[in-house]
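On a predicted model such as this, the values are computed, not experimentally measured, just so you know. Letters A, B, ... mirror the listed sequences (proteins, then strands); counts begin at 1.
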2 protein chains.
Amino acid sequence: MTTTTISPIAPANARALPVLNDCCTPTSAMSDGDASLLAGMFKALADPARVKILSMLLNADEVCACDFSASIGKTAATTSHHLKLLRDVGLITGDRRGTWIYYRVIPERLAAIRDALALGQ
Amino acid sequence: MTTTTISPIAPANARALPVLNDCCTPTSAMSDGDASLLAGMFKALADPARVKILSMLLNADEVCACDFSASIGKTAATTSHHLKLLRDVGLITGDRRGTWIYYRVIPERLAAIRDALALGQ
DNA sequence: AATTTGTTTTGACAATCGTCGAATCAATGT
DNA sequence: ACATTGATTCGACGATTGTCAAAACAAATT
């Protein structure tokens with residue numbers, strides 16, 4: 001059986017995330033590039049439909065793409081759009097096996113977001 | 001010297017956050033309300049200007065409101081707008097002492113967001 | 001090859017969001 | 001009282017975003 005990964009393993013977006021603490025002084029903020037990168041990651045999480053998708057993925061090994069639409073109450077087109085946004089920031093990956101595509105969360109990426117929010121020191 | 005808190009201590013938004021894992025089955029997503037609440041928190045983080053503000057606050061005890069505008073490169077009006085959004089989700093709090101307002105991060109709130117992103121189990 | 005089913009892309013639309021100038025409010029000092 | 005400086009609110013604008021119907025694409029089956 002052939003299986004084809006939907007998102008490449010190492011997209012440009014897969015580079016390490018900056019962290020909020022230890023980045024700057026009280027009067028000089030994080031750089032523009034780092035702030036945009038981090039904000040982009042949060043943007044990917046900033047929609048109820050995508051939060052629901054992640055909630056399903058975090059409670060299963062993998063989820064068939066065919067199951068998202070009904071669970072989040074959106075059309076297939078809208079669901080596909082949200083899945084793409086999550087793939088583009090490296091948070092999930094899809095794996096086509098025959099007719100269906102199975103999605104998984106990329107735990108390292110989620111952990112990186114958590115680390116970015118670590119309290120100061 | 002009088003000090004007045006800009007955001008109330010316990011706004012409606014200060015209620016506990018849902019977590020992504022342990023919320024649902026693989027085929028039934030997180031509830032609408034919980035998903036919107038969580039997405040709202042991430043929305044608050046989903047802008048470079050607000051990320052910069054948080055980066056400053058996480059590297060200092062407190063920051064004078066008067067310092068944000070220059071550091072993030074936005075007008076006072078825009079800066080005030082972003083500060084309000086962060087206050088409204090309970091991530092920061094402002095304290096007026098005489099002429100100036102000093103902002104601090106609310107660490108419990110930041111920790112709650114981190115916890116919401118914990119990996120499944 | 002033609003059909004069927006699952007998924008993505010395209011195009012269009014309404015709604016939301018970030019931004020700023022101008023006006024307003026708040027506290028202080030003259 | 002008045003002027004000054006810091007901060008917020010208001011009103012307007014362009015840009016981005018979420019949504020769906022329709023068209024296009026992909027894999028499997030007849």
Side-chain angles (χ1 to χ4, degrees), chain A residues 1-8 27 29 32 35-36 38-54 62-89 92-103, chain B residues 1-8 27 29 32 35-36 39-54 62-89 92-104:
Chain A
M1 183 220 296
T2 69
T3 106
T4 60
T5 299
I6 302 300
S7 293
T27 46
D32 245 302
S36 292
L38 253 189
M41 293 304 302
F42 292 125
K43 261 200 230 311
L45 300 171
D47 181 272
R50 295 194 289 274
V51 167
K52 287 185 183 178
I53 288 173
L54 280 179
E62 59 184 10
V63 175
C64 178
C66 59
D67 285 332
F68 289 120
S69 186
S71 292
I72 73 177
K74 302 287 175 189
T75 65
T78 298
T79 303
S80 178
H81 167 70
H82 289 303
L83 287 171
K84 175 171 171 44
L85 292 187
L86 289 172
R87 284 199 314 264
D88 286 349
V89 298
I92 66 175
T93 182
D95 192 41
R96 167 157 242 152
R97 295 203 288 276
T99 304
W100 288 284
I101 299 179
Y102 297 91
Y103 278 95
Chain B
M1 181 220 298
T2 69
T3 105
T4 61
T5 299
I6 302 300
S7 293
T27 45
D32 246 302
S36 291
M41 293 303 303
F42 292 124
K43 262 202 219 344
L45 300 170
D47 182 272
R50 295 194 289 275
V51 167
K52 286 185 183 178
I53 288 174
L54 279 179
E62 59 185 10
V63 175
C64 179
C66 59
D67 285 331
F68 289 120
S69 187
S71 292
I72 73 176
K74 302 287 176 190
T75 64
T78 298
T79 303
S80 179
H81 167 69
H82 289 303
L83 288 170
K84 175 170 171 45
L85 292 188
L86 289 172
R87 284 199 315 264
D88 286 349
V89 297
I92 67 175
T93 182
D95 192 43
R96 166 156 244 152
R97 295 202 289 275
T99 304
W100 289 284
I101 299 180
Y102 298 91
Y103 278 94
R104 321 176 82 98

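With A:R50 contributing its side chain and B:A39 its backbone, the two residues share no donor-acceptor pair below 3.5 Å. Between the side chain of B:K74 and the backbone N or O of B:T79, no donor-acceptor pair lies under 3.5 Å.
Side-chain proximity of A:T78 to D:dA21, D:dT19, D:dT8: nearest is D:dT19. Of the candidate nucleotides D:dT9, D:dG18, D:dT19, D:dT19 has the atom lying nearest to any side-chain atom of A:K74. Proximity note for A:K84 (side chain, C-beta onward) versus C:dT7, D:dG18, C:dT9: the nearest is C:dT9. Of the candidate nucleotides C:dT7, D:dT19, C:dT8, C:dT7 has the atom nearest to the side chain of A:C66. When each of C:dT9, C:dC20, D:dT9 is scored by its nearest atom to the side-chain atoms of A:A77, the top-ranked nucleotide is C:dT9.
Between the C1' atom of C:dC17 and the CZ atom of A:F42 lies a distance of 18 Å, rounded to the nearest Å. Rounded to an integer number of Å, the gap from CD1 of B:I72 to C1' of C:dT19 is 11 Å. Rounded to an integer number of Å, the gap from CD1 of B:I6 to C1' of D:dG6 is 12 Å. Rounded to a whole Å, the CG atom of B:D47 is 7 Å from the C1' atom of C:dG18. Protein atom CH2 of B:W100 is 12 Å distant from nucleotide atom C1' of C:dG29, rounded to whole Å. Atom CG in A:L83 sits about 16 Å away from atom P in C:dG6, given to the nearest Å. The distance from atom CD1 of B:I92 to atom C1' of D:dT8 is 14 Å, rounded to the nearest whole Å. One atom, CZ of B:R96, and another, P of C:dC25, lie 14 Å apart when rounded to the nearest Å.
Residue B:R87 has a polar side-chain atom (N or O) positioned under 4.0 Å from OP1 or OP2 of D:dT8. Put simply, B:H82 has no side-chain N or O that comes within less than 4.0 Å of OP1 or OP2 on C:dC17. A sub-4.0 Å separation between OP1 or OP2 of D:dT19 and a side-chain N or O of A:T75 is absent.
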Go through the steps for A:L85 and A:H81 under the test side chain to side chain contact (heavy atoms under 4.5 Å, CB included), then give the verdict.
CA-CA 6 Å; A:L85 292 187; A:H81 167 70; 3.8 Å; yes
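Within the 4.0 angstrom heavy-atom criterion, no nucleotide atom of any strand lies near A:F68.
Comparing B:A65 and A:A46, the nucleotide of DNA chain D nearest to each residue sits closer to the 5' end for B:A65. Nearer the 5' end of DNA chain C, as judged by each residue's closest nucleotide, is the contact made by A:K43, out of B:T99 and A:K43.
A:K84 has its side chain within reach of A:R87: a pair of non-hydrogen atoms, C-beta onward, lies under 4.5 Å apart. The closest side-chain heavy-atom distance from B:D32 to A:K52 is below 4.5 Å.
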